[in-house]
Amino acid sequence: MQKDLPTICFGCGRINVNEEWIDGESFSNYSEIRMKIEDIGRYCPDCTEYFKKEYQRLKREYQLLRN
């Protein structure tokens, strides 16, 4: 990944600029950047925590269904 390109969160669309996650809509040239780097991204800390909790919840439900 190139260092000069910001990272877009796959979950919420926030953009990581200088290690700070900001709302994508408030970032200038957001749509232009999104088109250039659609495949370059990761999850922000908030989305990462949400998906970890959701994974654990679904795992518990699955285990209950199997018993």
Side-chain angles (χ1 to χ4, degrees):
M1 180 166 48
Q2 295 179 11
K3 289 188 180 232
D4 58 339
L5 292 177
T7 303
I8 296 177
C9 175
F10 289 132
C12 64
R14 290 192 297 169
I15 299 173
N16 184 351
V17 179
N18 299 325
E19 299 304 316
E20 181 181 344
W21 291 91
I22 60 172
D23 181 43
E25 298 302 320
S26 65
F27 190 77
S28 61
N29 300 325
Y30 173 72
S31 58
E32 181 183 327
I33 290 170
R34 190 172 187 104
M35 289 188 314
K36 289 180 182 176
I37 59 172
E38 270 185 23
D39 58 338
I40 300 173
R42 63 178 195 237
Y43 291 105
C44 69
D46 293 339
C47 287
T48 299
E49 188 62 31
Y50 169 78
F51 288 122
K52 281 182 185 179
K53 288 178 182 177
E54 187 66 9
Y55 170 77
Q56 292 301 322
R57 184 188 69 77
L58 291 172
K59 186 177 173 182
R60 283 191 302 274
E61 278 188 28
Y62 178 72
Q63 289 172 347
L64 288 173
L65 289 173
R66 292 195 68 201
N67 292 335

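All values below come from the heavy atoms of this structure, side chains included, with hydrogens, waters and symmetry mates left out.
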As an exercise, state the distance from SG of Cys12 to OH of Tyr50, rounded to the nearest 0.5 Å.
12.0 Å
Nearest heavy-atom neighbours spanning Tyr43 and Cys9:
CA-SG, 3.7 Å
Can you measure from CG (Asp46) to CZ (Phe51) and round to the nearest 0.5 angstrom?
11.5 Å
Any link between Ile22 and Ile8 through a network of hydrophobic side chains (Ile, Leu, Val, Met, Phe, Trp, Tyr) touching at under 4.5 Å?
yes
So which heavy atom on Arg42 is nearest to which on Asn16, and how close?
NH2-ND2, 2.8 Å
d(Lys59 NZ, Gln56 CD) to nearest 0.5 Å is 5.5 Å
With side chains defined as the heavy atoms from C-beta onward, is the minimum distance between Cys47 and Phe10 less than 4.5 Å?
no
Between Lys53 and Glu49, is the side chain to side chain contact (heavy atoms under 4.5 Å, CB included) condition met? List the steps.
CA-CA 6 Å; Lys53 288 178 182 177; Glu49 188 62 31; 3.4 Å; yes
